[in-house]
Amino acid sequence: MKRREFLKYALYGAGGTAITVGSFGTLNKISPKTAMAAATTEETTVFSACEMCRNQCPIAVKVLNGKVTKIEGNPNDSTFGGVICARGNSGPSLLYDPQRLKKPMIRTGDRGTGKYKEVTWDEAYTYITEKVKEIQLNYGGEEIAFASRKGPHDVFFRTICKGIGSPNYFSHEATCPMTRSVALDSMFGVEMIAADYANAKYIITIGRNWMEGIHIAQTRGIMKALDKGAKLVVLDPRFSVAASKGEWLPIKGATDLAFVMAMANILIKEELYDKEFVEQHTVGFEQWQEAVKDKTPEWAEQETGIPKDTIIRVTREFAEACPNAHIEFGWRTGLTPNDYQLRRAIMIVNMMMGCFEVPGGYYRVKNAGVVNRFPSMTGYAKSLGGVSQPEFPKPITARIDGTGLKGVPGQIIPEGDGAVGQIIESILTERPYPIKGWFVHRFNPIISMPESDRIIDAFKKLDLLVVCDVYMTDTAMYADVILPECTYLERSEQIYDMSGLTPKYVIRQAAVPLVYPDTKPAWLIYKELGEKMGLGQYFTYETIDDYIQKQLAPTGITLEQLKEKGVWTPEGMKPFYLRKDPLASLEKVLATKSKKIELYSEVVQQATKQGIPQYTHYPQPVEGQFRFVQGKVAVHTNAGTANIPVLNELMSRNSLWIHPESAGKLGIADGDEIMISSGKYEHKGVAKVTQGIRPDTVFCYHGFGRISPEMKRAYGKGINGNKLIDNIIGEVGNVVTSMNFVTIKKA
């Protein structure tokens, strides 16, 4: 969108009529004349929370004449520092994009043809209700699945799922950080463990790239640590931006666990680990010692391609910096079938070195519930309250992915996340039972999950596919019903707990009226749909303000206080680490049965027969093959931002990174069109010839290459990497993203 067009659009709006959500959730029209009368030339600031990715960064939205003119970071939040990334800064481009979804639609043509008719909200709700009742009658409510990009909408979205008696609700986490969550929960009894980047003296990262997969607070922490002289070691087959800030070790794909186990071998052999911490605060060290006794640096060199002397040197440097150091536990962690064992091993080595509850190490997130366990901290903060609901009907079957079932890997999958890849398997194979309906919220499986073509086949088998989103997506192109959600700049939502080293609450509040009158916030969409479906008893609030007031009731904080600054933290409270006294008890921050950090886990042993991490050797590519890997880019959020005009203009396509040596053998030059084949599937792309990649590996940024006919015409540039990846379900439900080999030829 040209600047002149954008300014005209921002100043005068889409259709000349503004819409607001009234105090009881009703939509109130404001005439252009009234809006102009209320307009002012004075710029105001609305404090809210971003939603260009799932991090929900606190923001300051600048508003003039009822229009958003600029978005900045919230200066009241010291952790985020009043800054924001390119994605967050592009919010106005999303808000005023004329290609946003504007009205509910029902499909009139074959799936994927893009033929829809606009309907009223009531017509859309009625259609969905009748189809759901039909599936319930013929098959049962459990045969309808719900999947979403994780966020504040989930509490409302999943109420529909639970209300109809389905156990099958999923997040996108299995495609991203879920194996890390499994590792933390099995060792500490909770997932809420965080890293203190800013105070670390030495950081080893395995594939994590904060400078492109940006989390503002964490990226700032890394930069602060580097400014203070910390060393960063990056294990990655690709020379990422993070690698440019430290020492790059171009490790072979799928061998990271070998490097970590060799570190443990060296630390034990040279007696560099923290014996006192291990003895006092952990269980299972003997089993770990046995597991790594033959994982020598010589062995690791053969597995990883990293010289043994480098492994030894890095391990000693790390040990010298400990406990104010850490090996980073990762973000997008579904790399191999047993990735959760890599994440457990990473945390075991950190705990061997006592890198817990000290500056620069890991810590238990200090939310109100944790803080108030300590007498000296009592009164600093109270936990958010909840909105009561009647008991949901008990599902008559287990989940399709085995989550929660004892004695199988699903036992340790987080119930709120599940193995989302199993939905496709159950639709196509009808095992353990078929899925006939699927509700999708702000999630694009065709681009976000492996085997895109197979996902389309699954969509075509469904009796009902409902998509709620801001934009038309590849997935929405196959939906029966499309529900248009308004953007985060037009809606208010519940309070978020974003605690770190101190408790913190953040609010999202609407900055401007609705740009498109027939879009709605998720809380209202699912409340109205639930009432149409006869589930109104589960939506025990009238408005979002009503919901927020119930959250804040126990805290003593007012809604006005949160709106004034956008964030709340206890006044005068400083970040605290438990181990100012090296012998301090950790019982109050651990939730394991033993009340210790469990290096060996009986629960993991019961679920996977690997109570302590064991190494799995994975094949490496042979001559003529390449390991195919993906990663994040700084100006896009996975599959979620390709449509946004400003970001699309900044980067509209990706390319395939290939080493000059490998490209030379294939007669490929930089910029050449190429054909990438995984055996099953092929994809056309463009080559980027660079020394910043291992010769046996190729890489592309994730989230590009739309494949549905309508989407392909508008946003089809680049490579959809997931079209080339098999839908392998990992041992604990992760969707594997770096196990495929591909061949390359000039197109």
Side-chain angles (χ1 to χ4, degrees), residues 140-151 154-155 157-192 333-334 336-341 343-344 392-441 443 445 448-450 458 591-593 601-611 727-736:
E142 70 277 5
E143 299 200 9
I144 303 175
F146 290 69
S148 65
R149 191 181 98 177
K150 209 164 187 177
D154 276 333
V155 66
F157 180 61
R158 293 181 178 187
T159 295
I160 302 289
C161 178
K162 295 174 183 178
I164 64 172
S166 176
N168 291 310
Y169 47 88
F170 302 81
S171 76
H172 82 300
E173 298 289 272
T175 70
C176 198
M178 195 176 78
T179 60
R180 179 192 66 196
S181 301
V182 168
L184 296 176
D185 191 55
S186 67
M187 288 181 64
F188 300 91
V190 292
E191 298 174 22
M192 300 306 294
T333 60
T336 63
N338 72 336
D339 191 286
Y340 76 107
Q341 295 291 26
R343 308 302 153 181
R344 291 181 69 214
F392 289 105
K394 189 174 181 180
I396 61 173
T397 61
R399 292 172 56 110
I400 54 174
D401 59 354
T403 291
L405 293 180
K406 288 188 177 181
V408 301
Q411 178 180 345
I412 54 177
I413 296 175
E415 182 184 4
D417 299 321
V420 69
Q422 184 60 43
I423 298 177
I424 306 302
E425 303 306 312
S426 293
I427 294 170
L428 293 174
T429 68
E430 302 191 352
R431 294 194 299 266
Y433 52 85
I435 290 295
K436 296 294 184 180
W438 192 357
F439 284 68
V440 178
H441 185 99
F443 178 45
S448 298
M449 291 171 59
T592 53
K593 189 175 181 180
S601 169
E602 288 286 357
V603 174
V604 177
Q605 177 66 24
Q606 185 181 33
T608 70
K609 307 300 184 287
Q610 289 192 42
N727 188 32
I728 303 169
I729 309 296
E731 291 175 19
V732 293
N734 52 302
V735 179
V736 178

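FYI, the numbering just counts along the sequence from 1. Bear in mind the structure is a predicted one, so any value in this text is a computation, not a measurement.
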Just verifying a value: how many Å separate [X] [atom1] and [Y] [atom2], rounded to the nearest 0.5 Å?
{"X": "Thr592", "Y": "Glu602", "atom1": "OG1", "atom2": "CD", "result": "12.5 Å"}
{"X": "Ile160", "Y": "Lys162", "atom1": "CD1", "atom2": "NZ", "result": "12.0 Å"}
{"X": "Asn338", "Y": "Arg344", "atom1": "CG", "atom2": "CZ", "result": "11.0 Å"}
{"X": "Ile423", "Y": "Asn168", "atom1": "CD1", "atom2": "CG", "result": "7.5 Å"}
{"X": "Met178", "Y": "Ile412", "atom1": "CE", "atom2": "CD1", "result": "9.0 Å"}
{"X": "Trp438", "Y": "Glu143", "atom1": "CH2", "atom2": "CD", "result": "15.0 Å"}

Exercise. Is the Phe157-Phe146 ring centre distance short of 6.0 angstrom?
Worked result: yes

Problem set entry | N/O donor-acceptor pair under 3.5 Å between Thr429 side chain and Glu425 backbone | yes

For this session: Please confirm whether the backbone N or O of Pro434 pairs with a side-chain atom of Ser426, one donor and one acceptor, at under 3.5 Å?
Result: no

Problem set entry | Crowding at NZ, Lys394 (>12 non-hydrogen neighbours, <6.0 Å) | no

Over all atoms of both residues, closest heavy-atom pair of [X] and [Y]:
{"X": "Glu173", "Y": "Asp417", "result": "CG-OD1, 3.2 Å"}
{"X": "Pro395", "Y": "Ser166", "result": "CG-C, 4.4 Å"}
{"X": "Met449", "Y": "Gly421", "result": "CE-CA, 3.6 Å"}
{"X": "Gly189", "Y": "Ala591", "result": "O-CB, 3.7 Å"}
{"X": "Ser448", "Y": "Phe443", "result": "CB-CE1, 3.9 Å"}
{"X": "Ser186", "Y": "Val604", "result": "CB-CG2, 3.5 Å"}

Exercise. Does Asp339 come within less than 4.0 Å of Arg180, counting only side-chain N to carboxylate O?
Worked result: no

Between [Y] and [X], is there a side-chain heavy-atom distance shorter than 4.5 Å?
{"X": "Val440", "Y": "Pro445", "result": "yes"}
{"X": "Lys436", "Y": "Glu430", "result": "yes"}
{"X": "Ile164", "Y": "Ile144", "result": "yes"}
{"X": "Ile728", "Y": "Val735", "result": "no"}
{"X": "Thr175", "Y": "Val420", "result": "yes"}
{"X": "Gln411", "Y": "Gln606", "result": "yes"}
{"X": "Arg158", "Y": "Ser171", "result": "yes"}

For residues 397-408, please give each side-chain donor-acceptor pair under 3.5 Å, one per line with the distance, not counting sequence neighbours.
from: Thr397; atom 1: OG1; to: Tyr433; atom 2: OH; distance (Å): 3.4
from: Arg399; atom 1: NE; to: Asp401; atom 2: OD1; distance (Å): 3.0
from: Arg399; atom 1: NH1; to: Pro167; atom 2: O; distance (Å): 3.1
from: Arg399; atom 1: NH1; to: Tyr169; atom 2: O; distance (Å): 3.1
from: Arg399; atom 1: NH1; to: Glu415; atom 2: O; distance (Å): 3.4
from: Arg399; atom 1: NH2; to: Tyr169; atom 2: O; distance (Å): 3.1
from: Arg399; atom 1: NH2; to: Asp401; atom 2: OD2; distance (Å): 3.2
from: Asp401; atom 1: OD1; to: Thr403; atom 2: N; distance (Å): 3.2
from: Asp401; atom 1: OD1; to: Thr403; atom 2: OG1; distance (Å): 3.2
from: Asp401; atom 1: OD2; to: Thr403; atom 2: OG1; distance (Å): 2.9
from: Asp401; atom 1: OD2; to: Ala419; atom 2: N; distance (Å): 2.8

Problem set entry | All side chain to side chain donor-acceptor pair (under 3.5 Å) counterparts of Thr333, not counting sequence neighbours | Thr179

For this session: Just jot down the side-chain contact (heavy atoms from CB on, under 4.5 Å) partners of Gln610, sequence neighbours excluded, or say none.
Result: Tyr340, Gln341, Thr608, Gln614, Glu731

